[in-house]
Amino acid sequence: SQTIHQWPATLVQPVGSPLSLECTVEGTSNPNLYWYRQAAGRGLQLLFYSVGIGQISSEVPQNLSASRPQDRQFILSSKKLLLSDSGFYLCAWSRQGIGETQYFGPGTRLLVL
Amino acid sequence: QQQVKQSPQSLIVQKGGISIINCAYENTAFDYFPWYQQFPGKGPALLIAIRPDVSEKKEGRFTISFNKSAKQFSLHIMDSQPGDSATYFCAASSYTGGYQKVTFGTGTKLQVIP
């Protein structure tokens, strides 16, 4: 079966500090990978998606970047965090193809102070 | 056109009652409609999903009703239990740019009281 991991689970960072969140998927190969952000009590906003190694597409302009150095690894980064970067960050994966479900990881709670 | 409108924003149901959450969409290119359940501090988990060629899908106490002509779909939770208390997101997706792009509703916070 497939498993998706995210770490850290919780992170408190000062404004202006760098960020690196990691997501890995087990039990599948060549997945599509996604980063979402969920503000408190709000819906999910797609930040980045990747259909293959080194292939990153951004949905919204922002202070964040993403990378996919390996097939099942997806990293969300920032050089300098802003207060507005606080939120719940979710990684998701899906099989490639039409009509495939996205499966979410446990999430990382980021608080920027 | 990419929006998915979800209602109500919050819902309180007595234990044993029926919880109903409604969603509407505009984009006829959507070809897959999943529902997710999210508990506080956790990632959303797929609950049940339907494709537009089916009008109803039932899994245990959870049923999706789908009305393609009205571009509406709904989640019914029968015999609601306190353990069902969570936030529910409807979603609609279409295949574009090599991936299944998912548009989420804004969520319904369900509270089932004993």
Side-chain angles (χ1 to χ4, degrees), chain A residues 1-10 21 23 25 30-53 55-60 68 74 87-111, chain B residues 2-11 21 23-25 29-54 57 59 64 66 86-111:
Chain A
S1 64
Q2 298 79 26
T3 309
I4 179 168
H5 303 279
Q6 286 186 246
W7 63 89
T10 305
L21 303 182
C23 170
V25 181
N30 199 27
N32 285 343
L33 296 172
Y34 313 85
W35 278 112
Y36 287 86
R37 177 168 56 204
Q38 185 176 33
R42 303 281 296 277
L44 291 88
Q45 179 188 35
L46 179 64
L47 302 175
F48 300 95
Y49 67 92
S50 171
V51 299
I53 296 174
Q55 300 179 62
I56 309 295
S57 297
S58 174
E59 281 291 298
V60 293
R68 184 171 177 174
F74 206 20
F88 192 45
Y89 288 84
L90 291 156
C91 181
W93 77 274
S94 72
R95 292 182 181 85
Q96 297 206 0
I98 297 173
E100 292 292 343
T101 300
Q102 290 186 15
Y103 299 95
F104 287 85
T108 293
R109 177 78 59 194
L110 172 65
L111 179 60
Chain B
Q2 287 293 324
Q3 281 188 323
V4 175
K5 297 181 180 179
Q6 183 172 348
S7 63
Q9 187 174 1
S10 62
L11 182 62
I21 304 170
C23 287
Y25 64 97
F30 288 140
D31 56 14
Y32 184 64
F33 300 86
W35 284 87
Y36 288 87
Q37 179 189 56
Q38 185 178 30
F39 293 103
K42 306 295 184 183
L46 178 69
L47 189 62
I48 187 172
I50 198 167
R51 302 192 188 278
D53 54 344
V54 177
K57 183 174 182 179
E59 290 184 0
I64 299 178
F66 188 84
T87 299
Y88 293 81
F89 292 95
C90 65
S93 68
S94 60
Y95 192 73
T96 179
Y99 79 106
Q100 197 74 16
K101 180 173 182 176
V102 182
T103 303
F104 289 89
T106 51
T108 296
K109 188 172 183 178
L110 171 66
Q111 183 181 1

Practice prompt. Look at A:Ile4, A:Leu44, A:Val51, A:Thr10 and state which one has the largest set of heavy-atom pairs under 4.5 Å with chain B.
Written response: A:Leu44
Worksheet entry | chain B contact via A:Gln96 - side chain, backbone, both or neither, heavy atoms under 4.5 Å | neither
Fill in: Top contributor to chain A interface from B:Pro34, B:Pro44, B:Gly43 [non-hydrogen pairs under 4.5 Å]
B:Pro44
Practice prompt. Show your working on side chain to side chain donor-acceptor pair (under 3.5 Å) between B:Tyr32 and A:Thr101 and close with a plain yes or no.
Written response: CA-CA 9 Å; B:Tyr32 184 64; A:Thr101 300; 2.2 Å; yes
Worksheet item: If you measure from CD on A:Gln38 to CD on B:Gln38, what distance do you get to the nearest 0.5 Å?
Response: 4.0 Å
Discussion item. Quick one, B:Val102 with A:Tyr36, criterion side chain to side chain contact (heavy atoms under 4.5 Å, CB included). Give me CA distance, side-chain angles, the key distance, then yes/no.
Written reply: CA-CA 11 Å; B:Val102 182; A:Tyr36 287 86; 4.0 Å; yes
Discussion item. Is A:Ser94 close to chain B through its backbone or its side chain, or both, or neither, when contacts mean heavy atoms under 4.5 Å?
Written reply: neither
Fill in: Spatial distance of atom CZ (A:Phe88) from atom NZ (B:Lys42) [nearest 0.5 Å]
8.5 Å
Discussion item. How long is the straight-line distance from OH of A:Tyr103 back to OH of B:Tyr36, given to the nearest 0.5 Å?
Written reply: 7.5 Å
Worksheet item: Relative to chain A, which segment of B:Phe104 carries a heavy atom at a distance below 4.5 Å: side chain, backbone, both, or neither?
Response: side chain
Worksheet entry | Residue among B:Ala91, B:Ser93, B:Pro40, B:Gly41 with most heavy-atom pairs under 4.5 Å to chain A | B:Gly41
Item to complete: Calculate, to the nearest 0.5 Å, the distance between atoms CG and OH belonging to A:Leu46 and B:Tyr99 respectively.
Response: 5.5 Å
Worksheet item: What residue in A:Glu100, A:Gln6, A:Gln45, A:Gln102 has the most heavy-atom pairs under 4.5 Å with chain B?
Response: A:Gln102
